[in-house]
Amino acid sequence: MAEAVPVRCPACLRENGYTAPVFPCACGSPVHPPLDLSAPPVLLTHRTWSDSWVAVRCTTCGRESEWPHPELGCGSCGTVVRLPVHPPERPEPGTGPGAGPGAAADPAGAAGRAAGRRGDGPADARDGDPAGAPGDARAEVRGGAAAGAPGDGRTGGPGGGGPAAGPDVNPAHISVPPTAAVPRPAFRPVTIRTARDAVATAALYLRWLGFQDVRQPDGRPIPSAAVDLRAPGLVAQVDPTTAPAGLRAVECVWLNGLTASATSVYFSLAGYTADARDRADELGIPLFVMDLTGMPQPVNDPADELVGSGA
């Protein structure tokens, strides 16, 4: 799994942690976009379908597939940025997935067949494979964050904790406020390709937060592109469009929640306008932004508190 890397928001200059998503290749090996950390993130003001996907080459089988382009919503100002990715490099002749292992392991010629037999074991193949361009990109992504990897307590493994974990894992021996993180398994995102996928991802995330019986109301007119989701004690709206959610949308979901005496939550694919964020902070409405990998990110304090405390 890729490690978190710092990404500076071009709008407010705040650094946000970002972990490149991992996707399953057809051969079963994990692949993730090789981030180009030498290039600055690009401010996302208009989303197009073609620019939302990026070609990634599997370092195991050499297969090139398209996956969602890495994006990040700033946790301070809500700006959505697109992260540059290294383009896939073509494999050199004799080193592709169809080439014999001996060709790469035996530069001496025909006399090296025996050496090629010694070098065609799975271990040697694995040792040689990451030397390609995608492997280098993954090494750059890991960067200096590799030292903090063993301290990630989200996996819940017996070796994941320890003194090196730091304060980010909410140690059990430290007293925490009532809004402390609720132990729960890691959220499994669903790749967003259509508006229905965005609604389904928001519903899955709300269930992961602890809301029960999350569903889309039947027979209710939808005056806008936003989609309603309801649950006991919850009113949520999902905006799958490519325009940032505005002030009126935030106030509407707040009024719907006020009428139902329920918590109001908003999900958006393209982020929020500044006045919408300010109004949501005043009303205490949790705002989430979703990228095409299907991982919602909180963009204001009420959303952070909801993630920490759960439903």
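Along the sequence shown, residues carry numbers from 1. Hydrogens, waters and symmetry mates are skipped; everything else that's a heavy atom, side chains included, is used. Note that the structure is predicted; figures quoted are calculated from it, not measured.
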V42 with V81, same ILVMFWY side-chain cluster at under 4.5 Å: no
Under 3.5 Å: donor-acceptor pair, side chain of D304, backbone of P298: no
CG on L204 to CZ on R188, rounded to 0.5 Å: 12.0 Å
Spacing of CE belonging to M295 relative to CD1 belonging to I192, to within rounding of 0.5 Å: 10.5 Å
Nearest atoms (heavy-atom pairs only) where M290 meets V238: CE-CG1, 3.9 Å
pair C12-T79: side-chain heavy atoms closer than 4.5 Å: no
Full working for side chain to side chain contact (heavy atoms under 4.5 Å, CB included) between L229 and V199: CA-CA 8 Å; L229 289 176; V199 176; 4.0 Å; yes
E15, CD atom: more than 12 neighbouring heavy atoms under 6.0 Å: yes
Nearest-0.5 Å distance, CH2 of residue W254 to OG1 of residue T259: 9.0 Å
Nearest atoms (heavy-atom pairs only) where P21 meets P33: O-CD, 3.6 Å
Min side-chain heavy-atom separation C9-N16 under 4.5 Å: yes
Flag, side chain of D197 to backbone of T194, donor-acceptor distance under 3.5 Å: yes
C25 backbone acceptor or donor facing S29 side chain under 3.5 Å: no
W208 side chain vs P185 backbone, donor-acceptor pair below 3.5 Å: yes
L35 side chain reached by P70 side chain, heavy atoms, under 4.5 Å: yes
SB check R279 E282 (cutoff 4.0 Å): yes
For the student: nearest non-hydrogen atoms of L83 and H69, plus distance: O-NE2, 2.8 Å
Donor-acceptor contact below 3.5 Å, side chain Y272 vs main chain C77: no
Separation between CZ of F23 and CD of E66, rounded to the nearest 0.5 Å: 12.0 Å
Minimum side-chain heavy-atom gap D281-P302 below 4.5 Å: yes
Heavy-atom pair with the smallest gap, counting every atom of F187 and T201: CZ-O, 4.2 Å
Pair Q216, D228: side-chain N/O donor-acceptor within cut-off below 3.5 Å: no
Transitive ILVMFWY side-chain link L247 to L287, under 4.5 Å: no
From T191 atom OG1 to W53 atom CH2, the distance as rounded to the nearest 0.5 Å: 6.5 Å
For the student: nearest non-hydrogen atoms of L269 and V289, plus distance: O-CG2, 4.1 Å
Side-chain donor or acceptor of R8 paired with backbone N/O of L13 under 3.5 Å: yes
Flag side-chain contact, heavy atom, 4.5 Å: P30 against H32: no
Point-to-point distance, once rounded to the nearest 0.5 Å, from CZ of R248 to OG1 of T273: 13.5 Å
Non-hydrogen atoms of S52 and L292 that approach each other most closely: CB-CD1, 3.1 Å
Donor-acceptor under 3.5 Å (S264 side chain, V253 main chain): yes
Heavy-atom side-chain contact between L206 and F267 under 4.5 Å: yes
